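As the structure lists them, so they are numbered: ligands from 1, and atoms in each ligand from 1. Computed from a predicted structure; not experimentally measured. Along the sequence shown, residues are numbered consecutively beginning with 1.
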Amino acid sequence: MDRKVTVIGAGNVGATAAQRLGEKELCDVVLIDVIEGVPQGKALDLSEAAPIEKHDAHLTGSNGYEDSAGSDIVIITAGVPRKPGMSRDDLISINAGIVKSVTENVVRYSPDCILIIVSNPLDAMCHVAFETSGFSKRRVMGMAGVLDSARFRTFIARELDVSVESTNAFVLGGHGDTMVPLPRYSTVGGIPITELLSRERIDAIVDRTRTGGAEIVSLLKTGSAYYAPASAAVEMAESILKDKKKILPCAAYLEGEYGINGLFVGVPVKLGRNGIEKVIQIALTDEEQAALNASADAVRGLVDLLKKLN
Ligand SMILES: NC(=O)c1ccc[n+]([C@@H]2O[C@H](COP(=O)([O-])OP(=O)(O)OC[C@H]3O[C@@H](n4cnc5c(N)ncnc54)[C@H](O)[C@@H]3O)[C@@H](O)[C@H]2O)c1
């Protein structure tokens, strides 16, 4: 393949993302982890599935960064996931150190790459990667909105008994309980769900979306969601690798957009070869703007906490 993506963290999200990248034949994949043997073993296992899955992507595993040199995209999933009873924010001190050291290594070998951050707490980890890398704001983004809107879409499709493919949904804000799903911009076959569902049912779906991650943590008990998160990160990578210019909700560094300054917050962006090519601004009602401001305040609180930890 003439494209290369490195995935840092060969755990649940990282290995699943590597699998999807390979099976979609989007690029060669380098899987990196601190645990000896694990990235090598998973990459070999995935490679041995390739003849059956019919793809020619090369997958390699490593404990060092040399193999990652010259990556087009690096997806950072390194860190610890939450356990039942934990919020994403509880992970901040441990994951901040991990994301900082990982970013330093990534930048050394792939100074021109685009960074997609997955590690939690997502928006705060984007700040760590942005500040550590010194990259432009176009080349650092976080995966959360694609996952949150996929969850929203799943619940809408189930509620109306329609194909998930006919659904579209928008979620703004930070990746946490303050995220802001936008029902009037969420559609089925182009029809806003506000025309198809009662306020009560929409509120129930919105609540389930907000707590979608915790629902899975409480079922799994030993980790957090990874199939859908990996799919979401790969959708972002695909839009960049193929220069598709999809409009996707991603954590992006805002400088005045939506009245928010100097913070990573989830907003719709155009994703192409250059990374974030545009932040799409949509008109919000007073209620929606207030919810987005509250979500941004929660992110700011975490960024302030990061400064205290340093
Ligand atoms: N943004 C989102 O929507 C979203 C969704 C799901 C998970 N997550 C987050 O993604 C992260 C990974 O989740 P997971 O389920 O894959 O966890 P996991 O425990 O299965 O995998 C994490 C991997 O990171 C590795 N790691 C730790 N420190 C490292 C380092 N310094 N360098 C390289 N690798 C290192 C671990 O050895 C482990 O294999 C967690 O922080 C989780 O909260 C985010």
Tabulation required: pairs of a nitrogen or oxygen in ligand 1 and a protein nitrogen or oxygen under 3.5 Å; columns are atom names and distance to 0.1 Å; otherwise 'none'.
{"unit_1": "ligand 1", "atom_1": "1 (N)", "unit_2": "Val118", "atom_2": "O", "d": "3.0"}
{"unit_1": "ligand 1", "atom_1": "1 (N)", "unit_2": "Met143", "atom_2": "O", "d": "2.8"}
{"unit_1": "ligand 1", "atom_1": "3 (O)", "unit_2": "His175", "atom_2": "NE2", "d": "2.9"}
{"unit_1": "ligand 1", "atom_1": "8 (N)", "unit_2": "Asn120", "atom_2": "ND2", "d": "3.4"}
{"unit_1": "ligand 1", "atom_1": "16 (O)", "unit_2": "Asn12", "atom_2": "N", "d": "3.2"}
{"unit_1": "ligand 1", "atom_1": "16 (O)", "unit_2": "Val13", "atom_2": "N", "d": "2.8"}
{"unit_1": "ligand 1", "atom_1": "20 (O)", "unit_2": "Asn12", "atom_2": "N", "d": "2.8"}
{"unit_1": "ligand 1", "atom_1": "24 (O)", "unit_2": "Gly79", "atom_2": "N", "d": "3.3"}
{"unit_1": "ligand 1", "atom_1": "37 (O)", "unit_2": "Asp33", "atom_2": "OD1", "d": "2.7"}
{"unit_1": "ligand 1", "atom_1": "37 (O)", "unit_2": "Asp33", "atom_2": "OD2", "d": "3.4"}
{"unit_1": "ligand 1", "atom_1": "39 (O)", "unit_2": "Asp33", "atom_2": "OD2", "d": "2.6"}
{"unit_1": "ligand 1", "atom_1": "41 (O)", "unit_2": "Val80", "atom_2": "O", "d": "3.0"}
{"unit_1": "ligand 1", "atom_1": "41 (O)", "unit_2": "Asn95", "atom_2": "ND2", "d": "3.3"}
{"unit_1": "ligand 1", "atom_1": "41 (O)", "unit_2": "Asn120", "atom_2": "N", "d": "3.2"}
{"unit_1": "ligand 1", "atom_1": "43 (O)", "unit_2": "Asn120", "atom_2": "ND2", "d": "3.0"}

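Hydrophobic cluster membership is shared by Leu263 and Leu172, with clusters built from Ile, Leu, Val, Met, Phe, Trp and Tyr side chains linked at under 4.5 angstrom.
Annotation for Met179: hydrophobic cluster partners, listed by chain and number, are Phe152, Phe155, Ile156, Leu160, Val162, Val171, Val188, Ile191, Ile193, Leu196, Leu197, Ile202, Ile205, Val206 (ILVMFWY side-chain heavy atoms under 4.5 Å, direct or chained).
Panel note: side chain Thr77, backbone Ile8; a donor-acceptor pair is recorded below 3.5 Å.
Annotation for Arg158: atom CZ does not count as buried by contact number, only 12 or fewer foreign heavy atoms lying within 6.0 Å. No more than 12 heavy atoms of other residues, nucleotides or ligands shown are found within 6.0 angstrom of CD1 on Ile94.
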**Report entry** Stepwise ring pair (Phe, Tyr, Trp, His ring centres under 6.0 Å) test for Phe264 and Phe130
**Finding:** CA-CA 10 Å; Phe264 275 88; Phe130 180 57; 5.5 Å; yes

